[in-house]
Visitor: 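I'd like to ask some things about the structure below.
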Amino acid sequence: PRSYLELAEVHQNRGDTPAVIQALERALDVNPHWTYAIRQLGQALQMSSDFEKSREVFERALAEDPLDGANYGFLAEIQWRMDAKEIAFETMSKGVTVQPSYRWGWEKLGEYASDLEKRDEALAIAQTLTETRPQEQASWDILADMLGRFGRYDEQLEAIDRGLELHPRTADFHDAKAFTLA
């Protein structure tokens, strides 16, 4: 299947999207459970403006590996493009819950929350992360980022200070505090 994936990359560089799709489908004929290739196929279908089939392919990737945040991210993005924005928000929420280290997912969740006026819901997800993983640096970093994204600077400083209490030598918290105060 790797050879077909490389062939798809060659076709991609040549701008031949139908050939990309064909090569990726052949890769999946060999290994139908390879989620990376499934996601690549979904992206190729998206580039060819076949959004419905792309959504189906991303759903397949998610079914194959429901613990990979990227699978939720790709599905949420196509849902958003298909104007199923509420569903996209829910999908991305699940993605960051399943894989809290999925930073791109948190960024997109923040964007979706702003557009849909669901800032409090997104913040609740980040706050739950600090409750379930209170000793992890990333939990407090994510919460601080989300609070800052939504202009809640006093609360952001509290989250940064909590992160500093737990991880005083982490430069990221010192930088975030300086940036927030500035």
Side-chain angles (χ1 to χ4, degrees), residues 33-36 38-40 42-43 46 51 54-182:
H33 306 288
W34 190 15
T35 55
Y36 178 77
I38 296 171
R39 289 194 308 251
Q40 293 300 310
Q43 286 183 299
Q46 189 174 345
F51 299 128
S54 176
R55 182 191 53 78
E56 291 170 7
V57 168
F58 290 135
E59 287 174 349
R60 176 180 163 195
L62 182 57
E64 285 290 335
D65 189 358
L67 298 179
D68 186 344
N71 290 332
Y72 291 90
F74 280 100
L75 178 57
E77 275 293 284
I78 194 67
Q79 290 167 334
W80 190 266
R81 287 191 72 180
M82 294 176 73
D83 210 29
K85 295 182 177 186
E86 295 284 337
I87 295 169
F89 179 83
E90 293 303 318
T91 300
M92 194 63 78
S93 297
K94 289 177 190 170
V96 297
T97 301
V98 166
Q99 187 179 0
S101 62
Y102 185 38
R103 289 303 213 152
W104 184 85
W106 284 105
E107 290 174 24
K108 292 309 278 188
L109 183 65
E111 289 176 24
Y112 294 174
S114 291
D115 288 350
L116 297 172
E117 299 294 325
K118 291 189 171 212
R119 292 174 187 88
D120 289 339
E121 289 179 42
L123 283 173
I125 296 167
Q127 288 167 334
T128 299
L129 183 62
T130 63
E131 293 164 8
T132 58
R133 298 169 180 232
Q135 300 300 317
E136 289 185 16
Q137 171 188 336
S139 300
W140 295 100
D141 191 33
I142 289 166
L143 178 58
D145 285 349
M146 293 296 279
L147 288 164
R149 173 183 292 276
F150 301 139
R152 295 170 75 167
Y153 302 115
D154 291 337
E155 293 171 80
Q156 181 185 24
L157 285 171
E158 290 174 19
I160 292 169
D161 286 340
R162 180 67 178 131
L164 280 169
E165 287 174 23
L166 296 168
H167 305 279
R169 295 180 186 214
T170 303
D172 292 343
F173 285 125
H174 292 285
D175 289 346
K177 187 168 186 172
F179 183 79
T180 303
L181 289 170

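This structure is a prediction, so every number in the text was calculated from the model and none was measured.
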Visitor: Roughly how far, to the nearest 0.5 Å, is CZ of F74 from CG of L62?
Guide: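 These two atoms lie 12.5 Å from each other.
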Visitor: Tell me, with the steps shown, if Q137 and D172 meet side chain to side chain contact (heavy atoms under 4.5 Å, CB included).
Guide: CA-CA 10 Å; Q137 171 188 336; D172 292 343; 4.0 Å; yes
Visitor: Between H174 and R169, is there a donor-acceptor pair closer than 3.5 Å when you use the side chain of the first and the backbone of the second?
Guide: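 No: the side chain of H174 does not pair with the backbone of R169.
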Visitor: Between K85 and K118, is a side chain to side chain contact (heavy atoms under 4.5 Å, CB included) present by the stated rule, with each step listed?
Guide: CA-CA 11 Å; K85 295 182 177 186; K118 291 189 171 212; over 6 Å; no
Visitor: Is there side-chain contact between P168 and F173, with at least one heavy-atom pair below 4.5 Å?
Guide: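 A side-chain contact under 4.5 Å is absent here.
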Visitor: What's the separation between atom OG1 in T128 and atom CG in L123, rounded to the nearest 0.5 Å?
Guide: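 It is 10.5 Å, given to the nearest 0.5 Å.
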Visitor: Can you tell me how far apart OG (S93) and NZ (K108) are? Round to the nearest 0.5 Å.
Guide: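 Between S93 OG and K108 NZ, I get 14.0 Å after rounding to 0.5 Å.
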Visitor: Apply side chain to side chain contact (heavy atoms under 4.5 Å, CB included) to the pair M92 and Q79, showing each step before the final yes or no.
Guide: CA-CA 10 Å; M92 194 63 78; Q79 290 167 334; over 6 Å; no
Visitor: Is a donor on one side and an acceptor on the other found under 3.5 Å between the side chain of Y102 and the backbone of T97?
Guide: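 Looks like no, no N/O pair under 3.5 Å.
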Visitor: Please check: side-chain N/O of W106 versus main-chain N/O of S101, any donor-acceptor pairing under 3.5 Å?
Guide: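 No; zero donor-acceptor contacts below 3.5 Å.
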Visitor: Under the side chain to side chain contact (heavy atoms under 4.5 Å, CB included) criterion, do T35 and R60 qualify, and how do the steps go?
Guide: CA-CA 8 Å; T35 55; R60 176 180 163 195; over 6 Å; no
Visitor: May I ask you to test the F89-L109 pair for a side-chain heavy-atom distance under 4.5 Å?
Guide: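 Heavy-atom side-chain distance check passes, below 4.5 Å.
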Visitor: P134 and W140: which non-hydrogen atoms are nearest, and at how many Å?
Guide: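 Smallest heavy-atom distance, with atoms named: O-NE1, 2.8 Å.
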Visitor: Which distance, rounded to the nearest 0.5 Å, do you find between the CD1 of I142 and the CG of L147?
Guide: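 Spacing of CD1 (I142) from CG (L147) equals 12.0 Å.
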Visitor: Output the distance between atom CH2 (W34) and atom CD (Q40), rounded to the nearest 0.5 Å.
Guide: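 Rounded to the nearest 0.5 Å, the CH2-CD separation comes to 9.0 Å.
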Visitor: So, for Q135 and H167, which heavy atoms are closest and what is the spacing to 0.1 Å?
Guide: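 Scanning both residues completely, I find the closest heavy atoms to be O-NE2, 2.9 Å.
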Visitor: If you compare all heavy atoms of V98 against all heavy atoms of P66, which two are closest, and at what distance to 0.1 Å?
Guide: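 That would be CG1-O, 3.4 Å.
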Visitor: So that I can tick it off, tell me whether R39 and D65 are bridged by a salt bridge, with the cut-off set at under 4.0 angstrom between side-chain N and carboxylate O.
Guide: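 Looking at D65 and R39, the cut-off is not met.
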Visitor: Can you see which heavy atom on S139 is nearest to which on T130, and at what distance?
Guide: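 Residues S139 and T130, closest heavy atoms: O-CG2, 3.5 Å.
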Visitor: Can you sort out the partners of R149 under salt bridge (Lys or Arg N to Asp or Glu O under 4.0 Å), two or more places apart, ordered by chain and number?
Guide: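 Counting only residues at least two positions away or on another chain, R149 forms no salt bridge (Lys or Arg N to Asp or Glu O under 4.0 Å).
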Visitor: Picking from I78, T91, N71, I38, what satisfies side-chain contact (heavy atoms from CB on, under 4.5 Å) with F58?
Guide: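 When side-chain contact (heavy atoms from CB on, under 4.5 Å) is applied between F58 and each of I78, T91, N71, I38, only I78 qualifies.
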Visitor: List the residues meeting ring-ring contact (aromatic ring centres under 6.0 Å, His included) with W80, not counting sequence neighbours, and say none if there are none.
Guide: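 W80: ring-ring contact (aromatic ring centres under 6.0 Å, His included) contacts with Y112.
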Visitor: In chain order, what residues pass the salt bridge (Lys or Arg N to Asp or Glu O under 4.0 Å) check against D115, with sequence neighbours excluded?
Guide: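 Scan of D115 (salt bridge (Lys or Arg N to Asp or Glu O under 4.0 Å), adjacent residues dropped) gives none.
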Visitor: Testing the basics here: between M146 and A122, what is the closest heavy-atom pair and its distance to 0.1 Å?
Guide: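 Here M146 and A122 meet closest at CE-CB, 3.6 Å.
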Visitor: Would you say that more than 12 heavy atoms from the other residues, nucleotides or ligands in this model lie under 6.0 Å from the NZ of K94, or not?
Guide: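 No, because the 6.0 Å sphere around NZ of K94 holds 12 heavy atoms or fewer from other groups.
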Visitor: When you look at CD1 of I87, are more than 12 heavy atoms from neighbouring residues, nucleotides or ligands closer to it than 6.0 Å?
Guide: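 Incorrect, the count does not exceed 12.
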Visitor: Q99 versus L67: any side-chain heavy-atom pair under 4.5 Å?
Guide: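 Not in contact.
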Visitor: Could you measure the distance from the CZ atom of R162 to the CD atom of E158? Nearest 0.5 Å is fine.
Guide: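 Reported to 0.5 Å precision, the distance equals 12.0 Å.
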Visitor: Can you give me the closest heavy-atom contact between R133 and P100, atom names plus distance?
Guide: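 Shortest heavy-atom separation between R133 and P100 comes out as CZ-CG, 3.8 Å.
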Visitor: What I'd like to find out is whether the side chain of E107 reaches to under 4.5 Å of the side chain of D145, using heavy atoms alone.
Guide: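 Side-chain contact under 4.5 Å: no.
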Visitor: R119 and E121: salt bridge (Lys or Arg N to Asp or Glu O under 4.0 Å), yes or no, with the steps?
Guide: CA-CA 5 Å; R119 292 174 187 88; E121 289 179 42; over 6 Å; no
